[in-house]
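Single-structure report; data block below.
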Amino acid sequence: FNDVETTRDSGFICVGSTFINGNEDLYIVKFDKYGDTVWTRTYGGARTEQGHEIVQTEDTLYGVAAYTESYNDTLGDSWILYMQQNGDTIWTRTAGYSATEDHAYGIAYDSIVNTFFICGTYSPAGNQGGYWSGLLYNGTNWMNYTSNGANEEGYYSMISQHGLTLFACAGTNGTTGSGVHIVTGK
């Protein structure tokens, strides 16, 4: 698993990957407060899918930052899933540039502005760049930022300060090194 989060029902939920019939698929397991499995889900197609981070919304639904090679661009795209309490998907979105490999690694949710904030990496012209996006609750894009990718940049985890449209991305920058980048979405 790549991430584990507590849930509002005192349980916890894990996201990562599993191998099924030779393919890597996104894998989520929901546990109750005693550690017993409530449900498991796999998501994926004919190629590689990976789950990186999961967040629970105020109304107990889930958002997932993931990676897919099966849907949209076959080089790999960021994949965002929004799902019900039982793991059934409400919507999914892919995002990325053609001819680049794009990964969504981090996700945060702000209930005041009703937005998922996503961060990750993309690979323009053989370099790695970082990006973050705001995705409204209904799945439409609200804002987007990409770094130039000249210095092997990337964002890997994200938190949101509720109601302030302020979020932090932990990541790397080839010029300044690792660190936390405070970003405002105003």
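In this text, all values refer to a predicted model and were calculated from it rather than measured experimentally.
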Val29 with Ile20, same ILVMFWY side-chain cluster at under 4.5 Å: no
Transitive ILVMFWY side-chain link Phe31 to Val55, under 4.5 Å: no
I want to check something: taking the side chain as every heavy atom from C-beta on, are [X] and [Y] in contact at a cut-off of under 4.5 Å?
X	Y	result
Thr57	Thr60	no
Phe1	Asp3	no
Arg41	Met83	no
Ile28	Ile13	yes

Stepwise side-chain contact (heavy atoms from CB on, under 4.5 Å) check, Gln56 with Leu61: CA-CA 6 Å; Gln56 188 172 37; Leu61 304 176; over 6 Å; no
Main-chain N/O of [Y] paired with [X] side-chain donor or acceptor, under 3.5 Å:
X	Y	result
Asp25	Thr42	no
Trp39	Gln85	yes
Thr115	Asp110	no
Tyr71	Gly44	yes
Glu53	Ile107	yes
Glu69	Asp77	no

So, for [X] and [Y], which heavy atoms are closest and what is the spacing to 0.1 Å?
X	Y	answer
Ser70	Ala46	OG-N, 3.2 Å
Ile80	Ala104	CD1-CB, 3.8 Å
Asp32	Phe12	O-CE2, 3.9 Å
Ser10	Lys33	O-CB, 3.1 Å
Val4	Cys14	CG2-SG, 3.6 Å
Ser17	Gly51	OG-N, 3.7 Å

Pair Tyr105 and Tyr67, ring centroids less than 6.0 Å apart: no
Tyr27 and Tyr43 aromatic centres sub-6.0 Å: no
Passing candidate, side chain to side chain contact (heavy atoms under 4.5 Å, CB included) with Trp79, options Val64, Asp102, Thr68: Thr68
Distance in Å, Leu81 CG paired with Ile54 CD1, rounded so as to fall on 0.5 Å steps: 9.0 Å
Candidate pair Asp9 and Lys30, rule salt bridge (charged side-chain N to carboxylate O under 4.0 Å, His left out), full reasoning: CA-CA 11 Å; Asp9 62 1; Lys30 170 68 173 86; 3.1 Å; yes
Glu24/Arg47 ion pair, N-O < 4.0 Å: no
Remaining members of the apolar cluster that contains Tyr34, side-chain heavy atoms under 4.5 Å: none
Working for side chain to side chain donor-acceptor pair (under 3.5 Å), residues Asp88 and Asn86: CA-CA 6 Å; Asp88 291 346; Asn86 65 0; 3.2 Å; yes
Parallel, tilted or perpendicular: rings of Tyr82 and Trp91 (30°, 60°): tilted
Glu5 versus Tyr62, side-chain donor and acceptor atoms under 3.5 Å: no
